[in-house]
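Per chain, numbering begins at 1; letters A, B, ... match sequence-line order.
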Amino acid sequence: MTSRSDPGAPSRPADHIDSTEQVGGEASVTQPKLGFVGWMRFGWRQLTSMRTALLLLLLLAIAAVPGSLVPQRSSDPNGVTQYFTDNPTLAPILDGFQMFDVYTSAWFSAVYLLLFVSLIGCVIPRTKHHLEALRARPPRTPARLSRLAGYTERPLMASDLETRAPSSLAPRSAEEAIDAAAVQLRKAGYRVERYELRGEASVSAERGYLRETGNLVFHTALLGVLVAVGFGGGFGFSGQRVIVEGQTFVNTLASFDSFNPGRFFNDTSLQPYRLSLESLDAVYETKNADALGQPIDFTAHVTVAGQGAEAQDARVKVNEPLYTHGTDVYLLGNGYAPTITVTNADGDVVFTDSVPFLPQDANLTSIGVVKVPDGMPEQLGMVGFFYPTQTQLTSGAYTSSYPDLILPVLTLNVYEGDLGIDGGTPTSVYTLDPSGMEQLTGGDTGVDSIELKPGESAELPNGLGTVTFEHADPDAGEGDYAQSVPRFASFDIHHDPTQIWVLVFAALILGGLLVSLFVPRRRMWVKAAKRPDGTVVLEYAGLARGEDPGLEDAVTAFADAHAGPKPSSVE
Amino acid sequence: MTLDEISILSVYSAMVVYAIAFIAFAIDLAKRGAAVTASDVPARAEAKVAVGATAGGRPSARGGAAAAKAGGEASDGAVSYGRSPALRVGVAMTVLAWALHLAATVLRGFAAGRVPWANMYEFALTGTLIITTVFLVVLLVSKHDLRFLGTFVTGLVLVLLGVATINFYVSPIPLPPALQSVWLVIHVFVASASVGFFALGFALSVVQLLQARRESLAASAKAAKLTFLATLPSAATLENLAYRVNIIGFILWTFTLMAGAIWAEKAWGRYWGWDTKEVWTFIIWVVYAGYIHARATRGWRGSRSAWLSIIGFSTVLFNFTVVNLFFKGLHAYSGL
């Protein structure tokens, strides 16, 4: 390490602006040969230097950019699929450079891990040094204060701090004046030490050790965040589940539509509580002409019941997740789940369920799929469009013009054949693979799509049976569709045990930053200096340890408080 | 007339007054140049002395502070320069424009029935108001006379307001559920406050670079263009000021990032997901962290760190414009 004449100064990398500059550069460079240990030491010193840390920081900023230019698998998996479709030649090349997983890529990780190694290499010796500095006494008073910052002098006279009137000034001894300065400095938060050099009494004082403490806390807490984030992903899980009004979800592994466990996650830690969606209230703007149909509020009214416990009412809103049984439940989406019933030619019900339809636009034009595997001569599939407020475009196609249920219409295209679900390969409930099927209505078949309003039924083609769009509120008046179709809520259920630690470290980062940037670390000296003519003059001076724009004012203010304003300004 | 129409009228009035202020500040800069040319010979000599005071080693904080003291209370520029009428008009017009701007923003908030920073137009309106506010507050509290920055501040605010009213305007509409949170008030306001400080830091860093160039030319006794610079503080002083403004911006930005993460956890179920806006918030944070480290690194203090301050504010502007408008992500609240 750099040799330093001043043991009280914060330990810094050799190229820090506050560390002593070495003449002739680094010692190791001038050595003719470096052994293995020498090279290691040289490399370590390079890695922990300010310049390297700075370059790694800038590299980190640049390395983060591609992730915002190209869709990422973590945040936008559909975008990645689309990108591969749009750029069939470029995408695999980019994928080879992990461009779709930038923030977990080898090169991005390399940059931030090197940065953190550099950080550790800097923080450890500094912490050790700081702990020593905290026990050390302020250094000896320099021989000539006049060369230091904010230097000022005052005559050695007693001052009446209450009035500061010139009449009350009377002689006092140098010892008394220095004693008083030491007391005042200690009161102002300085650590003080008396010195007697060449017959001149002086006090040496230092304050602002908190600045270095804050700096170290800041950097250590950054490491803490990295570790907490790393472990948080490992122990937690996140799962998604769609629940239709009136349905219940039990918090077990099999009940999730999709589930992403962390590396160390153990499914026995899931508490099997029951979450029922009683109702989902959606409010849309009706008055403001510029925002008609804009969502105003989504509230999911749920009941939660632990094992053997009474069900309790709760609600989940978009910005108000529900914290229950060690999990966080978020309302991330909603839509309509029309209740559809299918009977076969004999009149037996072969399918009845509320089918979640996925919204495609802001007015909730939605697409859903009905799969009837059994009870029909052949397997039956239906692709449906649902329009909460049906409108016909000039092209003749239907669309929805408002997200609430004003004129709900369901259209169904019927397919017959092999649904492709018997082979055991998992298929999405939201898509239908028509490759092994024959289309019976809509499209090029020449048969119109089935079109239903709530409460209506229609014959399936070829006398296969009937399909009914159930009205969820049969007692409603003619034309009142407000409650005619059940809604579904899409919940995300998370558990992240280390999240609280990330928050704690984030608070430490902010606190450490504030302290390290705004608490000035400074030294101050007061000396009763003997002039050649025998008079004694009080000298004041300061020294900044790091950024300290207020140092000179502080020295002047202290001199004024200790011995009164400069005589010239009193008169 | 609706409240929003009055608000827009107020914005246009503020823009007119900002334009007057901009012209007044520009005239002041021209007069500074003339004043320097008039006192050319003594000015050069003085400039050399002033540079000599700091050019011995690396210009340091202490050197800068000492130079500031030596140059008198108002400015440590090589050529002393009093208060020109144009400068006074500029400041007075800026205050008037600020008042109109404030009225416009408050009215917009009442028209919408919520805080006026929920889409790009409103964010621009509030953000520029904060830039002017920070500028005026700094004028009040700073020991240095920073009124020369008025040309930059009023110019920037004028351009941004123009773009906002013409390209970003949307009529006031209610908040979608995702934005109905107390964090909208905190997160977005602190973000725009931090932009206000970064803008001022950027301006100071630009002038610092110009000044450093002039000082090095003056040191080698060459004639420098942009003679008005002789009336402005030294490069070292400008660097210290830029640093102080930027660290306030940095702390606010750190808070923005954290508040955003807390809000993201509530609204989207995760505190960090590398959404495009999160990525750019992170990039800005890292660039300014680099700036702060550069200032503490031997060989990087001075002009090199000033470049990082300039790059930093460029990323802020990029984040506000290009990322908002052209990048896909969850922060899709531009309203456009």
Side-chain angles (χ1 to χ4, degrees), chain A residues 12 15-19 21 50-51 53-54 57-58 60-62 64-65 67-69 71-72 74-76 79 102-103 149 229 238 285 288 290-291 294-298 317-321 328 330 332 492 494 496 499 502-503 506-507 509-510 513-514 517-518 544 546-549 551-552, chain B residues 58 60-62 65-66 69 170-181 183 240 243-244 247 250-251 254-255 258 261-263 265-276 279-280 282-284 286-287 289-290 292-301 308 315 323 327-330:
Chain A
R12 300 286 192 192
D15 59 344
H16 192 280
I17 202 104
D18 288 336
S19 71
E21 196 157 13
M50 288 294 287
R51 206 169 289 123
L54 178 57
L57 267 175
L58 299 181
L60 184 66
I62 294 166
V65 173
S68 69
L69 303 175
Q72 298 296 297
S74 58
S75 55
D76 186 13
V102 165
Y103 305 105
V229 169
S238 69
E285 177 65 41
N288 187 333
D290 294 316
Q294 191 201 291
I296 300 294
D297 184 56
F298 298 125
K317 287 172 72 107
V318 174
N319 264 304
E320 297 170 28
D328 308 329
Y330 303 89
L332 289 195
D492 262 39
H494 295 189
D496 184 351
Q499 191 158 288
V502 177
L503 184 65
I509 285 175
L510 197 60
L513 192 62
L514 280 168
L517 289 178
F518 289 128
E547 301 280 341
D548 188 2
L551 176 65
E552 299 182 26
Chain B
R58 302 291 317 157
S60 68
R62 263 159 270 147
K69 264 301 195 257
V170 285
S171 57
I173 53 173
L175 290 179
L179 287 184
Q180 293 167 15
S181 168
W183 290 105
N240 289 337
Y243 178 75
R244 272 178 248 162
I247 58 173
F250 181 70
I251 286 166
T254 309
F255 183 81
M258 291 174 181
I262 295 172
W263 188 7
E265 193 275 326
K266 297 257 181 235
W268 300 326
R270 86 289 184 289
Y271 55 85
W272 193 263
W274 296 107
D275 175 54
T276 46
V279 170
W280 279 91
F282 172 77
I283 291 172
I284 291 165
V286 172
V287 169
I292 291 173
H293 281 81
R295 206 178 128 77
T297 305
R298 197 166 284 142
W300 277 79
R301 182 169 280 207
L308 284 180
T315 52
V323 176
F327 285 24
K328 199 179 151 196
L330 288 168

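In this structure, the portions of Phe255(B) lying under 4.5 Å from any heavy atom of chain A include both its backbone and its side chain. Contacts between Ile262(B) and chain A at a heavy-atom distance below 4.5 Å involve the side chain alone, from C-beta outward. Residue Ala53(A): no heavy atom, backbone or side chain, is found under 4.5 Å from chain B. Only the side chain of Leu332(A) comes within less than 4.5 Å of a heavy atom in chain B; its backbone stays farther off. Heavy atoms closer than 4.5 Å to chain A are found in the backbone of Leu175(B), but not in its side chain. Neither the backbone nor the side chain of Gln72(A) comes within contact range of chain B, judged by heavy atoms closer than 4.5 Å. Only the side chain of Val502(A) has a heavy atom closer than 4.5 Å to any heavy atom of chain B. For a residue to count as touching a neighbouring chain, one of its non-hydrogen atoms must lie under 4.5 Å from one of that chain's; by this rule Ile62(A) does not touch chain B.
The distance from the CD atom of Gln294(A) to the CD1 atom of Ile173(B) is 4.5 Å, given to the nearest 0.5 Å. With rounding to the nearest 0.5 angstrom, the CG atom of Asp275(B) is 9.5 Å from the CG atom of Asp76(A).
Contacts with chain B were tallied for Leu514(A), Asp492(A), Leu513(A), Val229(A); Leu513(A) has the most, counting heavy-atom pairs under 4.5 Å. Contact count versus chain B (heavy atoms, under 4.5 Å) is highest, among Gly67(A), Pro71(A), Ala507(A), Ala64(A), for Ala64(A). The candidate with the highest count of non-hydrogen atom pairs below 4.5 Å against chain A, out of Gly290(B), Pro174(B), Pro176(B), is Pro174(B). Your options are Trp268(B), Trp183(B), Tyr243(B), and the one with the most heavy-atom pairs under 4.5 Å with chain A is Tyr243(B). Chain A forms more heavy-atom pairs under 4.5 Å with one residue of Ile251(B), Thr254(B), Leu179(B) than with any other, namely Ile251(B). In terms of heavy-atom pairs under 4.5 Å with chain B, the best-connected choice from Ile509(A), Ile296(A), Leu58(A), Leu517(A) is Ile296(A).
Between Leu57(A) and His293(B) the shortest side-chain heavy-atom distance falls below 4.5 Å. In this structure the side chain of Tyr103(A) reaches within 4.5 angstrom of the side chain of Val279(B), judged on heavy atoms. Two residues are said to be in side-chain contact when any heavy atoms from C-beta on lie closer than 4.5 Å; Val170(B) and Asp290(A) fail this criterion. Residues Ile247(B) and Glu547(A) have side chains not in contact (no heavy-atom distance under 4.5 Å, counting atoms from C-beta outward). Side chains of Ser68(A) and Val323(B) form no contact here, defined as non-hydrogen atoms less than 4.5 Å apart.
Nearest approach of Val318(A) to Pro177(B), heavy atoms of both residues: CG2-CB, 3.7 Å. The two atoms that bring Asn319(A) and Ala267(B) nearest to each other are OD1-CB, 3.2 Å, heavy atoms only. Shown here for Ala61(A) and Val287(B), the closest heavy-atom pair between the two residues is CB-CG2, 3.9 Å. Annotation for Pro321(A) and Lys266(B): closest pair CD-O, 3.6 Å, computed over non-hydrogen atoms.
The only member of Asp328(A), Asp496(A), Leu503(A) that meets side-chain contact (heavy atoms from CB on, under 4.5 Å) when paired with Glu265(B) is Asp328(A).
Under the side-chain hydrogen bond (donor to acceptor under 3.5 Å, both in side chains) criterion, Asp297(A) pairs with Thr299(A), Lys317(A), sequence neighbours left out.
Counted by atom type alone, Trp274(B) and Ser74(A) present zero donor-acceptor pairs between their side chains at under 3.5 Å.
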**Study point:** Steps toward side chain to side chain contact (heavy atoms under 4.5 Å, CB included) verdict (Met258(B), Leu510(A))
**Key:** CA-CA 9 Å; Met258(B) 291 174 181; Leu510(A) 197 60; 4.1 Å; yes
